[in-house]
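Have a look at the structure below, then the notes.
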Amino acid sequence: MKVLITGAQGQVGRCLLASAPAGVTVAGLGRAQLDVGDGDAVQRAIETHQPSVIINAAAYTAVDRAETEVDAARRVNGLGPRHLAWAAAACGARLVHISTDFVFDGRASVPYPPEAPTAPLGVYGRSKLEGEQAVLELLPAASVVVRTAWVYAAHGANFMRTMLRVMAEKGQVRVVADQIGTPTAADSLAAVLWVLASRPEVTGRQHFTDAGVASWYDFAVAIAEEAAALGLLPADVQVQAIGTADYPTPARRPGYSVLDKRALVAALALQHRHWRVSLRRVLGTLIAAPKA
Ligand SMILES: NC(=O)c1ccc[n+]([C@@H]2O[C@H](COP(=O)([O-])OP(=O)(O)OC[C@H]3O[C@@H](n4cnc5c(N)ncnc54)[C@H](OP(=O)(O)O)[C@@H]3O)[C@@H](O)[C@H]2O)c1
């Protein structure tokens with residue numbers, strides 16, 4: 001199997017590179033090597049590398065900035081997947097594409113199944129929906145779209161790292177308690193993406209996050225507790241629950257975006273870990289080797 005990974009310097013991209021299965025030839029291209037918004041460049045990269053599988057981990061992920069950078073978000077999240085789907089169709093490759101819980105409006109009170117109606121609240125969610133629709137239209141039999149949520153890793157820009165920094169600097173933090181979802185370790189997702197790379201019969205929309213449910217407040221409390229247990233933070237960090245209304249952001253976010261992933265977990269016979277188990281694992285890697 002020859003696999004081309006786009007967005008290879010991102011949270012998920014880096015985890016994919018670090019966990020490539022033995023025997024797989026991997027070309028990991030960061031934004032500097034391949035701009036997925038450039039159709040000609042995508043074509044050239046596919047011709048050069050002749051992959052049998054493309055994993056698209058490239059995305060414009062600045063949710064708030066997207067509200068004012070609409071074209072930039074659409075170029076990467078909408079056009080990028082379209083270019084990759086065209087190129088994959090031309091060379092007979094399978095495309096594994098990542099999407100988001102932000103395609104939903106968050107009004108549900110039970111987990112969203114993959115076929116639930118979409119209604120994004122902002123530019124980022126709309127641009128991601130555009131991308132997933134392009135992939136499924138252009139390459140229905142040779143693609144899979146994996147929606148995920150609340151991704152974090154030991155590297156990159158994410159909630160866990162922000163919390164660790166603020167907690168260490170200030171000893172206290174206020175965190176939104178009325179948005180509910182599932183924290184998902186980028187390496188948990190990467191493992192599933194690798195399984196999907198070699199399972200061409202799994203197509204269409206799929207959902208994957210770690211198991212369980214949390215508010216951002218719950219996630220922050222767990223970060224404080226687990227980090228203190230590992231000696232990464234003092235034990236007396238204060239986490240205060242606030243409401244979304246107390247923390248206004250340019251982009252609206254879904255209030256409830258838990259994804260129903262039972263179908264994918266069953267289809268792939270996954271060992272599905274609770275988000276807190278994953279959090280402990282990721283924090284543990286910070287002790288072994290602090291990452292930039
Ligand atoms: N992070 C989350 O909480 C979350 C939640 C749900 C779904 N997702 C989805 O998960 C996937 C992976 O996200 P992530 O968390 O790994 O995000 P990330 O850390 O922001 O990584 C995205 C990577 O894509 C690169 N990129 C941006 N524009 C590009 C372009 N035009 N061409 C090629 N690469 C480009 C970025 O480079 P620069 O850093 O140089 O811009 C970055 O390295 C994305 O599809 C995202 O939408 C993420």
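First listed ligand is number 1; within each ligand, the first listed atom is number 1.
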Checklist entry - Backbone, side chain, both or neither: what part of A149 comes under 4.0 angstrom of ligand 1, heavy atoms only? => result backbone

Checklist entry - Distance only, no hydrogens: is a donor on one side chain within 3.5 Å (strictly under) of an acceptor on the other, for N56 and T6? => result yes

Item to check | Within reach of ligand 1, part of A8 (heavy-atom separation under 4.0 Å) | outcome: neither

Checklist entry - Quick check: does D35 get an N/O under 3.5 Å from an N/O on ligand 1? => result yes

Next on the checklist: Show me which atoms of ligand 1 lie under 4.0 Å from any heavy atom of S99.
Outcome noted: 7 (C)

Checklist entry - Counting only heavy atoms not in R280, do more than 12 sit closer than 6.0 Å to its CZ atom? => result yes

Item to check | W216 and W150 aromatic ring geometry - parallel, tilted or perpendicular at 30°/60° bounds | outcome: parallel

Checklist entry - Of the protein's non-hydrogen atoms, which lies at the shortest distance from atom 6 (C) of ligand 1, and what is that distance? => result T148 O, 3.3 Å

Item to check | Heavy-atom nearest neighbour in the protein, as seen from atom 26 (N) of ligand 1, with distance rounded to 0.1 Å | outcome: A59 O, 3.7 Å

Item to check | Proximity of T61 to ligand 1 by residue part, where a heavy atom lies under 4.0 Å | outcome: side chain

Checklist entry - Counting each atom of ligand 1 from 1 as listed, which ones have a heavy atom of W150 under 4.0 Å away? => result 3 (O), 5 (C)

Next on the checklist: For A57, which part has a heavy atom under 4.0 Å from ligand 1: side chain, backbone, both, or neither?
Outcome noted: backbone

Checklist entry - At what distance, to the nearest 0.5 angstrom, does NE2 of H274 lie from CG of D210? => result 9.0 Å

Next on the checklist: Considering both backbone and side-chain atoms of Y60, is one of its nitrogen or oxygen atoms within less than 3.5 Å of a nitrogen or oxygen in ligand 1?
Outcome noted: no

Checklist entry - Taking both backbone and side-chain atoms of G10, is any N or O found less than 3.5 Å from an N or O belonging to ligand 1? => result yes

Item to check | Identity and distance of the protein heavy atom lying nearest atom 16 (O) of ligand 1 | outcome: V12 N, 2.9 Å

Next on the checklist: Checking R205 against S99: is there a side-chain donor and acceptor pair closer than 3.5 Å?
Outcome noted: no

Next on the checklist: Polar contacts were defined as any N/O atom of the residue lying under 3.5 Å from an N/O atom of the ligand; does this apply to Y124 and ligand 1?
Outcome noted: yes

Checklist entry - N/O of V151 under 3.5 Å from N/O of ligand 1, yes or no? => result yes

Checklist outcome for this item: Note: ligand 1 atoms sitting under 4.0 Å from heavy atoms of V36 are 30 (C), 31 (N), 32 (N), 33 (C)

Item to check | For ligand 1, the portion of L34 having any non-hydrogen atom under 4.0 Å away | outcome: backbone

Checklist entry - Are any of the N or O atoms of Q11 closer than 3.5 Å to those of ligand 1? => result yes

Checklist entry - Looking at atom 10 (O) of ligand 1, what's its closest protein heavy atom, distance included? => result I98 CG2, 3.4 Å

Checklist entry - Is there any N or O on A58 that sits under 3.5 Å from an N or O of ligand 1? => result no

Checklist entry - Can you list the ligand 1 atoms lying under 4.0 Å from a non-hydrogen atom of V76? => result 28 (N), 29 (C), 30 (C), 31 (N)

Checklist entry - Would you say atom 39 (O) of ligand 1 has a protein heavy atom nearer than 4.0 Å? => result no

Checklist entry - Just distances here: any N/O of G30 and N/O of ligand 1 closer than 3.5 Å? => result no

Checklist entry - For D71, does the CG atom have more than 12 heavy-atom neighbours from other residues, nucleotides or ligands under 6.0 Å away? => result no

Checklist entry - Is any NZ, NE, NH1 or NH2 atom of the basic residue among R253 and D64 found under 4.0 Å from an Asp or Glu carboxylate oxygen of the other? => result yes

Checklist entry - Mind checking whether K128 has an N or O less than 3.5 Å away from an N or O of ligand 1? => result yes

